[in-house]
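Notes to accompany the following structure.
Every value quoted in this text rests on a predicted model; they were computed, and no experiment measured them.
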Amino acid sequence: MKIELLDLGYALVKQLSNGTTQPLTVFYELNDDSSLNLDKLVLYPRITCDVSTELSSDMGNLLALSGYVTNTGTASGACWSDTTLHAINEVIERDDESQFLLDMNMGRKSWKIFLPEEGTDERQLFDELTVGKGKNGVLFYSRLKHLSWCARHQREPNGEAELGFGCSSSLKTAIQRATTELQQIHYPISIGSAWADNGADFPDNLEKYPNMAKLASRFFDISPRTEASIISIEDSIEISSVKQLRDRGYSPMARCIWRDDIAAGSVVVSHVVVLGLETLNNLIFNQPILLLGRLRNEENIRFLLEE
């Protein structure tokens with residue numbers, strides 16, 4: 001990867017941006033091996049891909065766009081390929097979470113429930129987080145994609161919903177990530193923390209849209225563990241995530257946010273954008289959102305806008 005070419009790209013954006021022009025960010029399309037295709041540069045509206053953008057008074061008329069931030073993933077790692085893989089998985093995970101919340105609240109049967117095999121590390125960890133705490137808990141698996149899993153158990157009394165998502169080309173890794181994220185979510189909620197502590201607005205913002213409020217609450221009935229199928233976890237690796245997305249009609253793009261060489265090795269931070277994948281999961285911040293990508297259809301829009 002030629003960082004000096006990226007720097008030229010940012011210089012171009014800086015030249016194009018001024019007080020009356022929307023700030024832009026440079027991305028490059030990804031090759032199947034996750035390297036940047038420096039011949040395919042894309043100038044992208046920063047307000048729709050970077051939530052850290054500082055909005056000036058000249059950008060007041062663009063504030064509405066900030067509610068429709070493009071599905072993006074950011075990750076760090078020791079090398080570009082590893083970092084970008086994790087960022088892509090984060091994008092897919094958020095898109096699957098959007099599908100999951102919509103399906104669960106619309107009564108669709110597109111997700112099956114599973115438990116890991118007895119005697120595996122994954123089953124032991126999951127049982128410790130669920131039945132070990134007196135809770136019902138299961139894993140949800142998408143029929144639509146083989147990459148993502150959701151771990152779920154009953155919420156604390158008067159607490160918020162607890163879900164953990166995980167995505168990986170490795171089934172074993174995806175389940176481990178979903179389970180560990182469940183633990184990550186569970187702890188702060190168990191001591192009284194809430195999404196409002198992480199920047200969410202008051203739930204009253206969604207009172208006009210009760211179905212959006214349902215998705216934002218992340219509450220739904222959990223099927224009994226006795227109905228769950230047992231899955232044998234194999235640590236298989238599929239084809240590249242970039243190729244999978246491209247084969248489905250999407251064009252992943254990325255940029256290098258930061259990189260440095262330190263005594264222990266290299267540190268790289270990458271930012272990935274995939275147009276067409278959804279961010280309905282951001283309803284948890286209690287701001288109205290409509291579908292803009294692959295899930296946008298009359299039935300889903302009507303459900304979300306129903307008063």
query: With no hydrogens and no angle check, is any side-chain donor or acceptor of Asp103 less than 3.5 Å from a backbone partner on Arg108?
result: no
message: Quick one, Asn37 and Tyr28 - any side-chain contact, counting heavy atoms below 4.5 Å?
response: no
- request: Would you tell me whether Glu122 and Gln176 have side-chain atoms, one donor and one acceptor, within less than 3.5 Å of each other?
  value: yes
- prompt: When you check the gap from the basic side-chain N to the acidic O, do Arg302 and Glu298 get nearer than 4.0 Å?
  reply: yes
field: Verdict with reasoning, Leu277 to Tyr250, per side chain to side chain contact (heavy atoms under 4.5 Å, CB included)
entry: CA-CA 8 Å; Leu277 298 189; Tyr250 302 105; 3.7 Å; yes
task: Quick one: pull up CD in Glu118 and CG in Asp127 and give me the separation to the nearest 0.5 Å.
output: 6.5 Å
message: Can you confirm whether Lys243 sits close enough to Asp247 that some side-chain heavy atom of one is under 4.5 Å from a side-chain heavy atom of the other?
response: yes
query: Strictly by modelled atom types, are Glu93 and Asn89 linked by a side-chain donor-acceptor pair under 3.5 Å?
result: no
Interatomic spacing from OG in Ser229 to CG in Leu115 - rounded to 0.5 Å: 9.0 Å
message: side chain to side chain contact (heavy atoms under 4.5 Å, CB included) for Leu304 and Leu215? Distances and angles first, verdict last.
response: CA-CA 9 Å; Leu304 292 172; Leu215 268 67; 4.1 Å; yes
task: Evaluate the criterion salt bridge (charged side-chain N to carboxylate O under 4.0 Å, His left out) for residue pair Glu306 and Lys214; output intermediate values, then yes/no.
output: CA-CA 12 Å; Glu306 186 176 301; Lys214 289 180 183 177; over 6 Å; no
- prompt: With distance as the sole test, does Thr120 use its side chain to make a donor-acceptor pair with the main-chain N or O of Arg123 at under 3.5 Å?
  reply: yes
statement: Taken to the nearest 0.5 Å, the spacing of Asp32 CG from Arg246 CZ works out to 5.0 Å
query: How far apart are the closest heavy atoms of Leu182 and Phe126, and which atoms are they?
result: CD2-CE1, 4.1 Å
field: N/O donor-acceptor pair under 3.5 Å between Arg177 side chain and Phe165 backbone
entry: no
task: Find out if a path of hydrophobic residues (ILVMFWY) with successive side-chain heavy-atom gaps under 4.5 Å connects Val26 to Val274.
output: yes
query: Under 4.5 Å between any side-chain heavy atoms of Glu181 and Thr179, yes or no?
result: no
- prompt: Hey, does the side chain of Ser98 reach the backbone of Asn281 with a donor-acceptor pair shorter than 3.5 angstrom?
  reply: yes
query: How far does OH of Tyr44 sit from OG1 of Thr25, to the nearest 0.5 angstrom?
result: 10.0 Å
message: Checking Arg296 now: which residues fulfil side chain to side chain donor-acceptor pair (under 3.5 Å) with it, not counting sequence neighbours?
response: none
Inter-residue atom distance Ile175.CD1 - Thr180.OG1, 0.5 Å rounding: 11.5 Å
field: Non-hydrogen atoms of Ser270 and Thr83 that approach each other most closely
entry: OG-CG2, 3.1 Å
query: Can you tell me if Asn105 uses its side chain to pair, donor with acceptor, with the backbone of Leu101 under 3.5 Å?
result: yes
field: Met104 side chain reached by Phe100 side chain, heavy atoms, under 4.5 Å
entry: yes
message: For a side chain to side chain contact (heavy atoms under 4.5 Å, CB included) check, start with the C-alpha distance between Thr279 and Arg94, then their side-chain angles and the critical distance, and finish with the verdict.
response: CA-CA 6 Å; Thr279 57; Arg94 290 174 176 172; 5.5 Å; no
message: Would Phe27 and Leu41 count as a side chain to side chain contact (heavy atoms under 4.5 Å, CB included) here? Give the steps.
response: CA-CA 6 Å; Phe27 286 89; Leu41 175 150; over 6 Å; no
- prompt: So which heavy atom on Thr72 is nearest to which on Glu90, and how close?
  reply: O-OE2, 4.3 Å
task: Quick one: closest heavy-atom pair of Leu206 and Ala216, and the distance?
output: CD1-CB, 3.7 Å
field: Main-chain N/O of Ser34 paired with Asn31 side-chain donor or acceptor, under 3.5 Å
entry: no
query: What is the minimum heavy-atom distance between Ala254 and Val272, and which atoms define it?
result: CB-CG2, 3.9 Å
query: Do the non-hydrogen side-chain atoms of Met106 and Asn300 ever get within less than 4.5 Å of each other?
result: yes
message: Show the nearest heavy-atom pair for residues Ile289 and Leu280, with the distance to one decimal.
response: O-CD1, 4.1 Å
Cluster overlap Leu85 with Leu36, hydrophobic side-chain contacts below 4.5 Å: no
message: Measuring from atom CG of Leu30 to atom CD1 of Ile88, what distance do you get when rounded to the nearest 0.5 angstrom?
response: 5.5 Å
field: Side-chain donor or acceptor of Glu29 paired with backbone N/O of Met253 under 3.5 Å
entry: no
message: Closer than 3.5 angstrom, by distance alone: can the side chain of Asp95 be matched with the main-chain N or O of Glu278 as a donor-acceptor pair?
response: yes
